[in-house]
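Worth knowing before you read on, the calculation uses all heavy atoms, side chains too, and leaves out hydrogens, waters and symmetry mates.
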Amino acid sequence: MAVSFDLTGKTAIVTGANTGLGQAIAVALAGAGADVALVGRSSMAGTEAAVAKAGGGRSLSIQADLSTLEPVERVISETVAWTGRADILVNNAGIIRRADAIDFTEADWDAVMDVNLKTVFFLSQAFARHLIGKGERGKIINIASLLSFQGGIRIPSYTASKSGLAGLTRLLACEWAGKGINVNAIAPGYFSTNNTEALRNDPDRNAAILGRIPAGHWGEPEELGGAAVFLAAPASDYVHGIVLPVDGGWLAR
Ligand code: NAD
């Protein structure tokens, strides 16, 4: 059997697809042939144009504020209304709040946990219910972090959410592997996006981070696409419950 990275005829849902890693993942999946539902609270115009330019699958924008559970069912139903299917879910939307743990507020705790963990779980549940109800296979890809493995500093709710997401990835893999749903995660290293702007603008932190990355540069969002296509494609059908670092070698140090 030939190894397949082809996503033609598949429909993917990518949350937080308007910018950064979500945009790059959407473009990569579309490039591999998938139709991609772009989910988020901002305009998806840039990603729609990038998908069209890349060729391959089509895109549809779905407006959704993922800080609440309101859009959870709607994201699945609007996607299925578009192409008749939902095969791949990429839980990419995420936020970060920075403050010393000693001063950290309940608002900054709840905001991060709601988007990065609570909505991820319930959207995954709605997606899995859809697949199991139809007796179809599917793929869930959670965007974790190096903070799924390490502690970090000044980001307590982010570290808790991403460490929790690694555990949730393993639990869902255990429950759903036998039902034909692969649940895996990607742990991006340090990538040039809005999420890391504060770090890159701090000369000391920027130099310290760069000095520790064996590859010697911040990741470019496009450098995440291959891992996403692999975990979405038939090539990874026997891969369950992993957290795959794409980090320029950071964790190898
Ligand atoms: P980003 O800030 O550019 O993108 C975050 C995305 O999430 C945006 O599309 C944003 O609109 C969306 N989002 C946030 N809150 C939302 C809400 N309430 N409703 C709908 N959408 C919402 O950052 P990014 O770096 O592209 O981050 C993408 C993912 O990758 C996040 O989960 C982040 O934690 C993770 N990550 C990023 C890095 C990095 O170095 N950039 C490293 C590790 C993990």
Side-chain angles (χ1 to χ4, degrees), residues 5 7-8 10-68 70-72 74-83 86-97 111-112 114-116 119-120 123 127 139-145 158 185-201 217-233 246 248:
F5 294 89
L7 301 179
T8 305
K10 304 288 186 194
T11 299
I13 299 168
V14 181
T15 67
N18 62 304
T19 182
L21 303 185
Q23 179 178 79
I25 290 167
V27 170
L29 297 181
D35 291 327
V36 187
L38 312 169
V39 179
R41 58 189 170 169
S42 318
S43 164
M44 297 291 168
T47 308
E48 287 171 3
V51 165
K53 193 173 165 201
R58 303 162 296 165
S59 69
L60 170 81
S61 296
I62 298 177
Q63 282 293 310
D65 178 356
L66 300 168
S67 66
T68 77
E70 174 277 320
V72 161
R74 190 166 58 76
V75 165
I76 307 298
S77 61
E78 289 187 25
T79 302
V80 173
W82 176 44
T83 61
D87 306 282
I88 299 153
L89 170 64
V90 182
N91 287 306
N92 165 78
I95 59 173
I96 193 164
R97 296 282 168 86
V112 171
D114 283 350
V115 175
N116 293 14
T119 300
V120 169
L123 190 55
F127 176 73
K139 307 266 188 178
I140 296 175
I141 304 168
N142 295 323
I143 303 305
S145 166
Y158 187 81
I186 295 170
Y190 287 88
F191 279 76
S192 300
T193 68
N194 300 333
N195 181 290
T196 54
E197 198 175 352
L199 292 179
R200 282 178 286 116
N201 289 341
H217 66 274
W218 285 76
E220 291 303 323
E222 299 71 36
E223 293 180 287
L224 209 61
V229 169
F230 167 61
L231 291 177
V246 180

Using modelled atom types and a 3.5 Å cut-off, is there a donor and acceptor pairing between side-chain atoms of [X] and backbone atoms of [Y]?
| X | Y | answer |
| --- | --- | --- |
| N18 | S42 | no |
| D65 | S67 | yes |
| T47 | A17 | yes |
| Q23 | G20 | no |
| T119 | V115 | no |
| R74 | I62 | no |
| D35 | G57 | no |

- Should the ring pair F230 and F5 be called parallel, tilted or perpendicular, given that the plane angle runs from 0 to 90° and is split at 30 and 60? tilted

- What pairs with S61 under side chain to side chain contact (heavy atoms under 4.5 Å, CB included), at least two apart in sequence or on another chain? L38, M44, E48

- Any residue meeting ring pair (Phe, Tyr, Trp, His ring centres under 6.0 Å) with F191, in chain and number order, not counting sequence neighbours: none

- Task: Under the side chain to side chain contact (heavy atoms under 4.5 Å, CB included) rule, what do L231 and I186 come out as? Steps first, then yes or no, please.
- Result: CA-CA 9 Å; L231 291 177; I186 295 170; 3.7 Å; yes

- Message: As a quick check of understanding, evaluate side chain to side chain contact (heavy atoms under 4.5 Å, CB included) for K53 and V27, giving each step before the final call.
- Response: CA-CA 9 Å; K53 193 173 165 201; V27 170; over 6 Å; no

- N116 and G94: which non-hydrogen atoms are nearest, and at how many Å? OD1-CA, 3.2 Å

